[in-house]
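Take a look at the structure set out below.
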Amino acid sequence: MDTLLDTDLVYAAALLRAGELVAIPTETVYGLAGHGLREDSLRRIFAVKGRPLTNPLILHFASVEQLPGYVRFAAVPAAAHQLLAAFSPGPLTLLLPREPAVVPDLVTAGLPDVAVRIPAHPLVQALLRQLDFPLAAPSANPFGYISPTRPEHVLGQLGGQIPYVLDGGPCQAGIESTVVGFGPAGEPVVYRPGAISLEMLQAVVPATRLRTASEKARPAASPGLLPYHYSPHTPLQLFGPGQAALPVFDPATTGALTLREPLPGLPAAQQVVLSPGRGDLAEAAHGLYAALHHLDALGMQQLLAERLPYIGLGVALNERLEKGAARR
């Protein structure tokens with residue numbers, strides 16, 4: 001099967017209505033989209049990605065107004081409405097009580113909450129408004145590998161397995177959405193750090209918190225909670241700041257990813273500096289996965305990546321790097 005690359009929304013919508021899969025752009029990463037209510041489409045998503053059926057999917061909608069009927073709105077905490085008003089459309093995913101007669105068990109792995117998001121990318125917004133059903137869309141890559149932020153990343157990983165890639169250019173945010181659930185008192189709980197930082201969420205709902213250690217020990221209740229993910233094929237090792245010294249490396253067989261400055265003693269062609277001189281974390285997030293794809297293609301024996309400051313977006317970026325190194 002050849003994979004077409006274009007911006008034909010009518011064709012993409014027709015494929016999705018027929019139960020086919022389409023790679024779609026969002027502001028975070030490219031998603032592998034299928035009909036969110038058809039079991040055959042959902043099973044094809046899991047099969048193409050090699051994704052475990054126990055890992056829930058996110059349903060994507062065009063607007064908040066489409067959520068009733070899929071979500072039990074009477075049971076939605078007040079804080080969820082505040083966050084939806086502040087950050088949707090955008091890179092926010094909320095875990096909300098589902099309508100079990102409507103949302104298939106395959107979407108939620110049988111759990112009572114469904115992950116919902118309203119993406120902001122104009123192309124996927126236009127696509128969703130042509131459809132009368134939500135799209136299930138995990139990242140458009142083989143399970144566990146680096147997420148795609150450009151159409152060529154999708155073609156390189158899934159080309160020949162899906163019929164169409166809706167070309168929206170490079171993704172703006174560059175990392176996945178922030179996933180937020182709710183605690184016993186209705187307080188927002190960040191399950192997966194992402195493109196909306198904890199500080200941004202707390203500016204809207206001050207009670208927002210990260211998951212506790214005991215909550216992390218429970219079975220995965222949302223997408224993105226497995227211990228390894230976002231992994232290049234080349235072994236990845238992290239260093240600094242203040243946590244792990246730079247390891248001894250062979251300049252001939254090592255690639256490197258840093259924030260502000262390149263590593264001395266390593267050829268420039270084997271390095272990517274995410275935000276040269278500035279250390280801007282939004283710029284680093286935008287380029288993170290593209291940099292990992294580039295470095296992974298160099299054929300090195302190891303990759304070194306610098307941990308970033310644990311503030312703002314740095315929390316989510318470090319989480320991605322740590323899970324990417326966990327397979328080592």
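Scope of the values below: all heavy atoms of this structure, side chains included, with no hydrogens, waters or symmetry mates.
- Taking both residues in full, the closest heavy atoms of Leu127 and Ala12 are given as CD1-CB, 4.1 Å, listed atom of the first, atom of the second, then distance.
- For Phe46, there are no ring-ring contact (aromatic ring centres under 6.0 Å, His included) partners two or more places apart in sequence or in a different chain.
- In the hydrophobic clustering of ILVMFWY residues, with side-chain heavy atoms under 4.5 Å counting as a link, Leu37 and Val124 come out together.
- Not counting sequence neighbours, Thr253 has no partner by the side chain to side chain donor-acceptor pair (under 3.5 Å) test.
- Here Arg150 pairs with nothing under the side chain to side chain donor-acceptor pair (under 3.5 Å) rule; sequence neighbours left out.
- With hydrogens and angles left out, the side-chain atoms of Thr254 and Gln302 include a donor and acceptor closer than 3.5 Å.
- For the atom pair CG of Asp280 and CG of Leu259, the computed distance is 8.5 Å after rounding to the nearest 0.5 Å.
- A 4.5 Å side-chain heavy-atom check between His60 and Ile58 finds at least one atom pair inside the cut-off.
- Here the OH-CG distance, from Tyr164 to Leu21, works out to 15.0 Å after rounding to the nearest 0.5 Å.
- In this structure, the side chains of Leu111 and Asp113 stay at 4.5 Å or more apart for every pair of heavy atoms.
- Applying the ring pair (Phe, Tyr, Trp, His ring centres under 6.0 Å) test to every pair with at least one member in residues 67-90, sequence neighbours left out, gives these pairs: Phe61-Tyr70, Phe73-His81.
- Within the 4.5 Å cutoff, no side-chain heavy atoms of Val179 are placed close to those of Val190.
- Judged as a salt bridge (charged side-chain N to carboxylate O under 4.0 Å, His left out), not a single pair has a partner in residues 159-171 (not counting sequence neighbours).
- The CE atom of Met300 lies 14.5 Å from the CG atom of Leu236; values are rounded to the nearest 0.5 Å.
- Considering only heavy atoms from C-beta on, Leu308 stays 4.5 Å or farther from Leu313 through its side chain.
- By the 6.0 Å contact criterion, CD on Gln270 is enclosed, its count of non-hydrogen atoms from other residues, nucleotides or ligands being greater than 12.
- At least one donor-acceptor pair under 3.5 Å links the side chain of Thr3 to the backbone N or O of Ile162.
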Q: Determine, step by step, whether Leu135 and Leu59 satisfy the side-chain contact (heavy atoms from CB on, under 4.5 Å) criterion, reporting the C-alpha distance in whole Å, the side-chain angles of both residues, the deciding distance to 0.1 Å, and the verdict.
A: CA-CA 5 Å; Leu135 293 177; Leu59 288 185; over 6 Å; no
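- Cluster membership check: Val315 does not share its hydrophobic cluster with Met200, using side-chain heavy-atom separations under 4.5 Å among Ile, Leu, Val, Met, Phe, Trp and Tyr.
- For the pair Arg320 and Tyr230, the cation sits on the ring face: its NZ or CZ lies under 6.0 Å from the ring centre, inside 45° of the axis.
- Note: Leu155 CG to Tyr30 OH = 9.5 Å, rounded to the nearest 0.5 Å.
- In this structure, the side chain to side chain donor-acceptor pair (under 3.5 Å) partners of Asp105, at least two apart in sequence or on a different chain, are Arg98.
- Counting only distance, with no hydrogens or angles, the side chain of Gln271 and the backbone of Pro262 share no donor-acceptor pair below 3.5 Å.
- Residues Ser177 and Thr26 are not in side-chain contact: their nearest non-hydrogen atoms beyond the backbone lie 4.5 Å or more apart.
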**Q.** Derivation of the side-chain contact (heavy atoms from CB on, under 4.5 Å) call for Asn141 and Lys49
**A.** CA-CA 6 Å; Asn141 59 302; Lys49 281 185 62 70; 3.4 Å; yes
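- Rounding to the nearest 0.5 Å gives a distance of 10.0 Å between CG of Leu53 and CG of Asn55.
- Looking only at distances, a side-chain donor or acceptor of Asn318 sits under 3.5 Å from a matching main-chain atom of Gly314.
- The two residues Pro119 and Pro89 make their nearest non-hydrogen contact at O-CB, 3.6 Å.
- The salt bridge (Lys or Arg N to Asp or Glu O under 4.0 Å) search around Arg43 returns Glu39, not counting sequence neighbours.
- The salt bridge (charged side-chain N to carboxylate O under 4.0 Å, His left out) pairs that include a residue from residues 114-125 are Glu27-Arg117, where partners are two or more places apart or lie in different chains.
- Panel note: side chain Gln125, backbone Ala62; a donor-acceptor pair is recorded below 3.5 Å.
- Between the side chain of Arg209 and the backbone N or O of Gly183, no donor-acceptor pair lies under 3.5 Å.
- Gln157 and Pro148 make their closest contact through NE2-CB, 3.9 Å (heavy atoms, listed as atom of the first residue, atom of the second, distance).
- Between Glu176 and Arg192, no side-chain nitrogen of the basic residue sits less than 4.0 Å from a carboxylate oxygen of the acidic one, so the salt-bridge criterion is not met.
- Going from atom OG1 of Thr149 over to atom CG of Leu288 covers 8.5 Å, rounded to the nearest 0.5 Å.
- Nearest approach of Ala80 to Val76, heavy atoms of both residues: CB-CG1, 3.4 Å.
- For His293, the ring-ring contact (aromatic ring centres under 6.0 Å, His included) partners at least two apart in sequence or on another chain are Tyr145, His153.
- Inter-residue side-chain proximity for Leu16 and Leu131 is flagged as met; some heavy-atom pair is nearer than 4.5 Å.
- Put simply, the side chain of Val22 does not reach to within 4.5 Å of the side chain of Leu32, judged on heavy atoms.
- Taking every heavy atom of both residues into account, Leu57 and Ala136 meet most closely at CD1-CB, 4.0 Å.
- Using a 4.5 Å cut-off on side-chain heavy atoms (C-beta onward), Leu201 and Val180 make contact.
- Of the possible donor and acceptor atoms, one in the side chain of Ser41 sits under 3.5 Å from a partner among the backbone N and O of Gly19.
- The hydrophobic cluster containing Val205 also contains Ile118, counting ILVMFWY residues as joined when their side-chain heavy atoms lie under 4.5 angstrom apart, directly or transitively.
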Q: Kindly indicate, with the supporting measurements, whether the criterion side-chain contact (heavy atoms from CB on, under 4.5 Å) is fulfilled by Leu317 and Ile175.
A: CA-CA 8 Å; Leu317 295 174; Ile175 59 171; 3.8 Å; yes
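- In this structure, Glu306 has no side chain to side chain donor-acceptor pair (under 3.5 Å) partners at least two apart in sequence or on a different chain.
- The hydrophobic cluster containing Leu295 does not contain Val273, counting ILVMFWY residues as joined when their side-chain heavy atoms lie under 4.5 angstrom apart, directly or transitively.
- Residue Leu238 is grouped with residue Leu281 when hydrophobic side chains (ILVMFWY) are merged at heavy-atom distances under 4.5 angstrom, including chains of intermediate members.
- Among residues two or more places apart in sequence or in another chain, the ring-ring contact (aromatic ring centres under 6.0 Å, His included) test is passed with His121 by none.
- With sequence neighbours left out, the ring-ring contact (aromatic ring centres under 6.0 Å, His included) criterion links Phe182 to no other residue.
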Q: Could you please spell out the steps behind the side-chain contact (heavy atoms from CB on, under 4.5 Å) verdict for Tyr191 and Leu95?
A: CA-CA 9 Å; Tyr191 277 70; Leu95 302 176; 4.0 Å; yes
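- Taking every heavy atom of both residues into account, Thr178 and Pro193 meet most closely at OG1-C, 4.2 Å.
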